[in-house]
There are 2 protein chains.
Amino acid sequence: MNTGAPRATIERLCRYQQVLAQLERERVETASSADIGRLAVTNAAQVRKDFSHFGDFGRRGVGYSVSELRARLRAILGTENERTVVIIGAGNLGSALAGYPGFEMRGFRVVAIFDNNPAKIGHWVEGLRILPLSDLATVAAEQRIDIAVIAVPEAAAQAVADQVVEAGIKAILNFAPVYIQVPADVGARTVGVTCQLEYLSYFLAQSQGSSEAEES
Amino acid sequence: MNTGAPRATIERLCRYQQVLAQLERERVETASSADIGRLAVTNAAQVRKDFSHFGDFGRRGVGYSVSELRARLRAILGTENERTVVIIGAGNLGSALAGYPGFEMRGFRVVAIFDNNPAKIGHWVEGLRILPLSDLATVAAEQRIDIAVIAVPEAAAQAVADQVVEAGIKAILNFAPVYIQVPADVGARTVGVTCQLEYLSYFLAQSQGSSEAEES
DNA sequence: CAGTGTGAAGCGCTTCACAGCT
DNA sequence: AGCTGTGAAGCGCTTCACACTG
């Protein structure tokens, strides 16, 4: 056992969750590290090493109990109890995220959606009424908000992030194509859709000159 | 100079592009590696090392020409000429992506959007008519398609990916929460929105017990 | 004997430190 | 004098190999 889990391990934990969810749907009760490795596009040694950072999960000669492992991963990731999410920006992207079915399934609940555009405020998206962004602090004071998702245009992203921090929210998922600055006690991740396309473009440029392989 | 650029370097190239775009808007003509490092949330040495994989871009004692550097990065990433993109799945997410302004700005053009739902086919999204997925092969035969974006439900993702591969498209950006299997000559990346939330949840779980720092 | 848990080796990326231009 | 370009050192993650266990 060990306490300090590598950042890379945490990023893989999510893949394992996906794989385990799939196995559970297929009524598989036990899986070996080799099984999990194949499905999660890694290898058996990596799987075992990753789990070993958090304790002994498996039975030797048998493998891992799918349901037990899922529960353990949820505990590690802190999603055993529901996490609350607010979405800021009720444009196309924000609306799409508000209705994304994957959130509920994995323990995240969208509790509010905000926008600054008076034409949108008061309208309904996926069962949520669009609130003015100025209400953010009030909403955050009334209930615990775990994560804020920023889905506003690039130009507004930093200002919105500042308001989020001001409201006492400690984690931000940013979809605007700009790196936002936050205090060290706030977690922030930026999802760069364009970056993914550019990476693929690089892959294409490489494999056009000389045949090469690649897998995500 | 060198040919084999580390994967990690390629992933940072995109950040540099964002930073350079910002500097260009601010009419800055020259930037040092220290400037770029600060804006892109890395350090000066990393910036110089990254660029050194592709040649000598800067002038000693001065820094880098913003516009020249941008052009160089575009050439490396293969986005100097427009890349064509098709979107598969005209749900909320697919529609949001079709209208995402960041694509055009960075050299990606959405040329078609597909869906399997007869109720959607023929309707218009962001100036594009929704086509039946069965037309994919025909469209791909008529014009070069660089990248396919998969924005369909989890259950359909692998089948759609197979059709994309069949149509001869060599790069896939997948938004479904499942790892798709593709041949080695096809590039595939999965954007896991839920994974990002889970990473943030882990961050929250860590910093609740003992105060810790973190930055994306 | 099948499959986990883990020290140790291997490898790739990051950081350092400084020589070399301008 | 200032800043780039780069070998070399340092560090963290991955892979290996095997002892250990049900």
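Chain naming here is simple, since letters A, B, ... match the order of the sequence lines and numbering starts at 1 in each. None of these values were measured; they are calculated from a predicted model.
Comparing A/T42 and A/V62 by the nucleotide of DNA chain D whose heavy atom lies nearest to each, the residue mapping closer to the 5' end is A/T42.
You'll find that the side chain of B/S32 is closest to D/dT4, out of C/dC16, D/dC13, D/dT4.
Checking side-chain atoms of A/R144 against main-chain N and O of A/R83 turns up no donor-acceptor pair under 3.5 Å.
Side-chain contact of B/S33 with B/R48: a donor-acceptor pair under 3.5 Å is present, judged by distance alone. Defined by atom type and a distance below 3.5 Å, a donor-acceptor pair is missing between the side-chain atoms of B/T84 and B/R109.
At a threshold of 4.0 angstrom between heavy atoms, the contacts of A/G61 include nucleobase atoms, whether or not backbone atoms are also involved.
Here the C1' atom of nucleotide C/dC13 and the CZ atom of B/R7 are 12 Å apart, to the nearest Å. Per the geometry, CG belonging to B/D56 stands 18 Å off P belonging to D/dC3, to the nearest Å. Put simply, CZ on B/R48 is 15 Å from P on C/dT14, counting in whole angstrom units. Atom CZ of B/F57 is separated from atom C1' of D/dC3 by 17 Å (rounded to the nearest Å). In this structure, A/Y64 atom OH and D/dG22 atom P are separated by 14 Å, rounded to whole Å. Regarding B/L69, its CG atom lies at a distance of 11 Å from the P atom of D/dT4, rounded to whole Å. Atom P of nucleotide C/dA8 and atom NZ of A/K49 are separated by 11 Å, given to the nearest angstrom. For A/D50 and C/dG5, the CG to P distance is 12 Å, given to the nearest whole Å.
Put simply, the side chain of A/R59 and the base of D/dG22 share no donor and acceptor less than 3.5 Å apart. At a cut-off of 3.5 angstrom, the base of C/dT4 holds at least one donor-acceptor pair with the side chain of A/R60.
Not one side-chain nitrogen or oxygen of A/N43 sits closer than 4.0 Å to the OP1 or OP2 atom of D/dT14. Listed pair B/S33 / D/dT4 meets the phosphate criterion, a side-chain N or O lying under 4.0 Å from OP1 or OP2. For the OP1/OP2 pair of C/dT14 and a distance below 4.0 Å, the side-chain nitrogens and oxygens of B/R12 include at least one atom meeting the criterion. Side-chain N/O atoms of B/Q46 include none lying less than 4.0 angstrom from OP1 or OP2 on C/dC13.
Going from atom CD1 of B/I88 over to atom CD1 of B/I150 covers 5.5 Å, rounded to the nearest 0.5 Å.
Every residue meeting the side-chain contact (heavy atoms from CB on, under 4.5 Å) condition with B/A8, not counting sequence neighbours, appears here in chain and number order: B/R12.
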